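For reference, the structure is listed below as structure tokens.
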Amino acid sequence: MPELPEVETVVRGLAPSLVGRRITAAHVLHRPSIAGTPAEPACVIGLRVERVFRRAKFIRIELESGMGMAIHLRMTGWLGILAAPRIRAFSKPQFQTPNPQSAIRNPQSHIRVWFELDGGQDALVFRDIRTFGRVWCGSTPALDKLPAIAQLGAEPLELPTVEFARRLRSRRGRLKALLLNQKFLAGIGNIYADEALFAARLHPLADASQVSARAAAALHRSIKRILIAAIKAGGSSISDFRHPDGAPGWFQRKLRVYGREGRPCVRCGAAIKRIVMGQRGTWFCPRCQGRRWAKRTVHRQDAKRHQGRQGKKKGL
DNA sequence: CGTTGAACCTGTTTGC
DNA sequence: TGCAAACAGGTTCAAC
């Protein structure tokens, strides 16, 4: 669910009410949600929160004594502060059974991990319907060494445009696949990849090595402009993304291609097309996002099929 | 390196 | 109406 702007929104919403608070207890209601954690969540008990920040799509919480947490929301994760009595009530087994009617409206359901805060009146709560999300606890160096964090690429809002263009053009493969690759660039997901490519008028299947330096620079500027605008709007709430206080984001109203299959392109009026790329829905305008690149892709696929046939013959 | 498909899950929407 | 398939903001792994 959340990409860079949504995670940034969560961090900004959470930081003011979390920094300075002390964690007094840790509760794991669903063990898979802490799979791969360097240390048991109990290791953060008694420690005060010093800093909350974002790295790519990870929420990082730094505590005293060099300890901390990393949280990834994946598709349906939610992180926020809730009143403790309600959490205790809803943490009972009967409330953990998914309830189709209230799953999204009822923020108390699907609680996987939660941390009591000093004063006993409220708690930091990790809720996650699909259970893809994760909470890691441990020392800051141990968290930094988690492969998914250690291997992250540059932050799109910090990387110089010239450097982005250089890196992009040194790669082979489809533009959209590269934008989604967290080792190449960290924080972009399915929505903003499509939106940035649309803004830069580049085809999602275009080969990165074939893009001009000028077009690559334009793509980076589109990425930055869209991410900044989305952060300002509090992220996109397509179905279940919510701020820590429960409020929705508003950027979904500004999306220009994502999810608009069959509807007219806001630039040229052609019908927006949907294809599936790497198991992800991909939307683009077949007219103004480079017909050239579509042709090139067709040629490449033909060549591949041809090679495959030849390979088979050789094999026999 | 790069691509593909399956897997990890629960819930909602779509289509026959 | 009912039920099955498709789809959903993400990542990881194996295989080619």
Side-chain angles (χ1 to χ4, degrees), chain A residues 1-10 30-33 35-36 56-59 70-79 96-106 109-112 127-134 136 146-153 167 170-196 204-209 226-227 230 233-243 248-249 251-252 255 258-259 261-262 274-283 297 300-301 303-305 307-308 311-312 315:
Chain A
M1 154 240 294
E3 306 181 30
L4 188 153
E6 288 75 31
V7 179
E8 181 66 27
T9 298
V10 170
H30 189 249
R31 291 292 301 180
S33 294
K57 299 174 193 170
F58 289 86
I59 297 160
I71 297 113
H72 200 303
L73 304 175
R74 291 281 173 90
M75 298 290 264
T76 53
W78 177 87
L79 191 67
Q96 289 183 50
T97 308
N99 177 349
Q101 294 305 311
S102 62
I104 289 177
R105 284 185 215 93
N106 177 358
S109 60
H110 300 103
I111 294 173
R112 309 298 184 190
R127 205 171 73 79
D128 187 18
I129 295 172
R130 289 174 73 180
T131 72
F132 289 167
R134 290 287 180 274
W136 296 269
L146 289 170
I149 292 177
Q151 296 173 25
L152 285 173
R167 292 185 191 181
S170 73
R171 296 291 207 107
R172 281 181 297 109
R174 298 158 171 176
L175 277 185
K176 181 169 176 181
L178 252 198
L179 295 186
L180 292 178
N181 182 346
Q182 302 298 299
K183 295 175 189 172
F184 174 73
L185 194 68
I188 311 265
N190 209 34
I191 294 178
Y192 301 107
D194 280 2
E195 292 295 317
L205 301 180
D207 193 295
S209 65
I226 288 165
L227 292 179
S236 302
S237 292
I238 301 292
S239 65
D240 49 17
F241 169 70
R242 290 294 117 96
H243 298 186
F251 197 73
Q252 67 277 9
L255 299 179
Y258 181 85
E261 183 181 14
R274 177 184 186 274
I275 59 173
V276 175
M277 211 210 87
Q279 300 170 309
R280 316 299 302 278
T282 296
W283 291 265
T297 303
R300 284 181 61 203
Q301 283 179 349
K304 216 175 179 180
R305 231 177 277 134
Q307 272 182 2
K312 240 183 195 171

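Lettering follows sequence order; numbering is per chain, from 1. Not measured: the values here are computed from a predicted model.
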[N] [atom2] sits how many Å from [X] [atom1], rounded?
X	N	atom1	atom2	value
A:Arg134	B:dA7	CZ	C1'	12 Å
A:Leu205	B:dG2	CG	C1'	14 Å
A:Leu79	C:dG10	CG	P	18 Å
A:Asp207	B:dC1	CG	P	16 Å
A:Leu178	B:dC1	CG	P	12 Å
A:Met75	B:dT12	CE	P	15 Å
A:Glu261	B:dT13	CD	C1'	14 Å

How long is the gap from NE2 on A:His72 to CD1 on A:Ile149, to the nearest 0.5 Å?
9.0 Å
Find which nucleotide of DNA chain B each of A:Met277 and A:Thr131 is nearest to by heavy atoms, and output the residue with the more 5' nucleotide.
A:Met277
Heavy-atom nearest nucleotide on DNA chain B for A:Pro32 versus A:Asn181: which residue maps closer to 5'?
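The 5'-side residue here is A:Asn181.
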The side chain of [X] is closest to which nucleotide in this list: [options]?
X	options	result
A:Tyr258	B:dT3, C:dG10, C:dA8	C:dA8
A:Phe132	B:dC9, C:dC7, B:dT10	B:dC9
A:Ile129	B:dT10, C:dA8, C:dG10	B:dT10
A:His110	C:dA8, B:dG11, B:dT4	B:dG11

When you measure from the side-chain N and O atoms of [X] to the phosphate of [N], is any distance below 4.0 Å, counting only OP1 and OP2?
X	N	result
A:His30	B:dC9	no
A:Arg112	B:dT10	no
A:Arg171	B:dG2	yes
A:Arg130	C:dC7	no

Heavy-atom closest pair, residues [X] and [Y]:
X	Y	result
A:Glu3	A:Gly189	OE1-N, 2.7 Å
A:Leu179	A:Ile188	O-CB, 3.4 Å
A:Thr9	A:Gly234	OG1-C, 3.4 Å
A:Ile238	A:Gln252	CD1-CB, 3.9 Å
A:Leu152	A:Ala56	CD1-CB, 3.7 Å

Consecutive-pair stems (at least three Watson-Crick or G-U pairs, under 3.5 Å) that include DNA chain B
B:2-8 with C:10-16, B:10-16 with C:2-8
For residues 274-283 of chain A, please give each side-chain donor-acceptor pair under 3.5 Å, one per line with the distance, not counting sequence neighbours.
from, atom 1, to, atom 2, distance (Å)
A:Thr282, OG1, A:Lys176, NZ, 2.9
A:Thr282, OG1, A:Arg280, O, 3.2

Looking only at atom P, what distance separates B:dC8 and C:dC3, rounded to whole Å?
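Roughly 26 Å separates the two P atoms.
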Interatomic distance at P, C:dC7 relative to B:dG5, whole Å:
14 Å
Is it the case that the side chain of A:Gln182 and the backbone of A:Gly153 share a donor-acceptor pair, with hydrogens and angles ignored and the cut-off at 3.5 Å?
no
Hey, does the side chain of A:Glu195 reach the backbone of A:Tyr258 with a donor-acceptor pair shorter than 3.5 angstrom?
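It does hold such a pair.
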Touch class at under 4.0 angstrom, heavy-atom based, for A:Ser209 against every strand present
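Nothing: the residue A:Ser209, judged by heavy atoms under 4.0 Å, touches no strand.
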Report all interatomic pairs (protein N or O, nucleotide N or O of nucleotides 11-14 of chain C) with separations under 3.5 Å.
from, atom 1, to, atom 2, distance (Å)
C:dT11, OP1, A:His72, NE2, 2.9
C:dT11, OP2, A:Lys57, NZ, 2.8

May I ask you to decide if the ring planes of A:Phe58 and A:Trp136 are parallel, tilted or perpendicular, using 30° and 60° as cut-offs?
tilted
